[in-house]
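Down below is the structure, laid out as structure tokens.
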Amino acid sequence: FSAQVQSILGAPLQIVDISREFLKVMANPEYGFGSQMNPCIDCKILMLRQAQALMPQWAAEFVVTGEVLGQRPMSQNRQSLQVISRRSGLGGLIVRPLSAQLLEETIPEQKGWIKRESLLNIGGRSRKPQFKLAARFGLSDYAQPAGGCLLTDPEFSRRLKDCMRHGPFSVDDVALLKVGRHFRLTESAKLIIGRNEKENEYFTRSALAQDYIFMTLDIPGPVALGRGTYNPMLAQLACGLVFRYSDHSGVGSAIIQFRQAAVAEWQRFAAGLPPEDLIVQYRI
């Protein structure tokens, strides 16, 4: 990805991981959430503060963003853009070239570093002006606008709320929210069941030492990852859920094997189908 971006831009690219800082923002965003779990204003402030910290390293005089006035309801209205500029500490050193002619003059414009007449006046929700601009510069390989931020997705947001409700969570916990079917078994235990071979492999590869791995023995089925505190009763419940999502056509029960990731020895349990209302009860 980075090589592709550098090729398109013809400029060096530095990727900075701010995941841990972002988790702190998620715990208590000053400007709140949008329609789901998206703290858009606080997110932009965090990113621009990180950019400001990098400016000396790149001998940069100002920061450029791709924001468009009115494009996003929460973070790109005029008031929000002003708040973001002020709270990031950059103030008039943020240039938004796509909408610059619709916004207040920035310091780089006032000092003649860049010409205001060379900047644009794009505003509103439509992406047609950006598509035309991309075509003008011969750019075709770019993300579609419908993708959006994962934090605006209702299903992902439900999973994240559950994760936040049940104690401290890490970057690793958040990564797991993107994959599988999620079940909250108790206040301290959850189960994630793979939906395809790629997710099955991911669970096996990324399990922490204290996590539990569940899988079918004699019939095709998913791999599941158990995280938290498990006892024999919960392990039995998890085995039933794994059996539910296996290829169990014509089979009333099957052997499900499980072990803690750091332990070599497998345990086995003959699992049958749990009641469907129980599945709905536990599903996040």
Side-chain angles (χ1 to χ4, degrees), residues 1-23 25 38-72 74-78 80-152 171 175 178:
F1 170 77
S2 60
Q4 182 183 31
V5 172
Q6 290 184 74
S7 174
I8 293 171
L9 298 179
L13 174 68
Q14 179 178 358
I15 298 176
V16 180
D17 184 355
I18 59 171
S19 304
R20 287 173 175 77
E21 292 84 352
F22 186 71
L23 289 187
V25 169
N38 47 310
C40 300
I41 296 175
D42 294 87
C43 176
K44 289 288 180 62
I45 291 171
L46 172 64
M47 287 192 289
L48 287 167
R49 284 177 177 169
Q50 295 291 322
Q52 183 185 38
L54 290 171
M55 287 172 68
Q57 177 182 332
W58 291 93
E61 298 288 351
F62 57 93
V63 171
V64 179
T65 79
E67 294 162 299
V68 171
L69 179 64
Q71 185 168 280
R72 298 287 186 186
M74 183 177 184
S75 63
Q76 294 184 28
N77 60 70
R78 191 176 297 274
S80 294
L81 292 177
Q82 291 171 347
V83 168
I84 291 166
S85 296
R86 184 176 69 254
R87 293 301 306 276
S88 68
L90 285 164
L93 292 176
I94 300 177
V95 176
R96 300 175 171 102
L98 295 178
S99 295
Q101 292 189 21
L102 303 176
L103 301 170
E104 293 181 8
E105 199 173 35
T106 60
I107 293 173
E109 293 170 80
Q110 294 168 354
K111 294 195 172 185
W113 300 341
I114 55 178
K115 296 178 180 180
R116 188 172 179 83
E117 57 269 25
S118 299
L119 305 176
L120 304 178
N121 60 354
I122 300 174
R125 302 297 296 272
S126 174
R127 302 304 204 284
K128 290 181 180 178
Q130 290 96 308
F131 292 153
K132 290 180 180 178
L133 190 64
R136 176 183 159 194
F137 286 102
L139 302 176
S140 58
D141 190 12
Y142 50 82
Q144 293 301 308
C149 172
L150 194 57
L151 293 171
T152 64
V171 172
K178 303 175 185 178

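Only this structure's heavy atoms are used, side chains among them; waters, hydrogens and symmetry mates stay out.
Of the inter-residue distances, the one linking R96 atom CZ with I122 atom CD1 reads 14.5 Å to the nearest 0.5 angstrom. Atom CG of L46 and atom CD1 of I18 lie 4.0 Å apart (nearest 0.5 Å).
Checking side-chain atoms of S80 against main-chain N and O of N77 turns up no donor-acceptor pair under 3.5 Å. Side-chain atoms of S88 do not come within 3.5 Å of backbone N or O of R49 as any donor-acceptor pair. Judged by distance alone, the side chain of R127 and the main-chain N or O of R125 form a donor-acceptor pair under 3.5 Å.
Taking 4.5 Å as the limit, every side-chain heavy atom of R78 sits out of range of all side-chain heavy atoms of L81. Residues M74 and C43 have side chains not in contact (no heavy-atom distance under 4.5 Å, counting atoms from C-beta outward). Q71 has its side chain out of reach of L98: every pair of non-hydrogen atoms, C-beta onward, lies at least 4.5 Å apart. Within the 4.5 Å cutoff, no side-chain heavy atoms of V63 are placed close to those of L93.
Within the structure, the side-chain hydrogen bond (donor to acceptor under 3.5 Å, both in side chains) test picks out the following pairs touching residues 51-62 (sequence neighbours left out): Q14-Q57, Q14-W58. Sorted by first then second residue, the side-chain hydrogen bond (donor to acceptor under 3.5 Å, both in side chains) pairs that include residues 109-118, not counting sequence neighbours, are T106-E109, E109-R116.
Here the closest heavy-atom approach between residue P108 and residue G92 is recorded as CD-O, 3.4 Å. Of all non-hydrogen atoms in L119 and Q101, the two that sit nearest each other are O-NE2, 2.6 Å. When all heavy atoms are compared, the tightest approach of I41 to S75 is CG1-CA, 4.2 Å. Between V68 and S99 the shortest heavy-atom distance is CA-OG, 3.3 Å.
Remark: E104 CD is loosely packed, at most 12 non-hydrogen atoms of other residues, nucleotides or ligands lying under 6.0 Å away.
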Checklist entry - Step by step, would you call M55 with L90 a side-chain contact (heavy atoms from CB on, under 4.5 Å)? => result CA-CA 11 Å; M55 287 172 68; L90 285 164; 3.7 Å; yes
Checklist entry - Does the salt bridge (Lys or Arg N to Asp or Glu O under 4.0 Å) test come out yes or no for E67 and K44, once each step is laid out? => result CA-CA 10 Å; E67 294 162 299; K44 289 288 180 62; 3.5 Å; yes
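Between F22 and the choices L151, D17, V171, D42, the side-chain contact (heavy atoms from CB on, under 4.5 Å) rule is met once, by L151.
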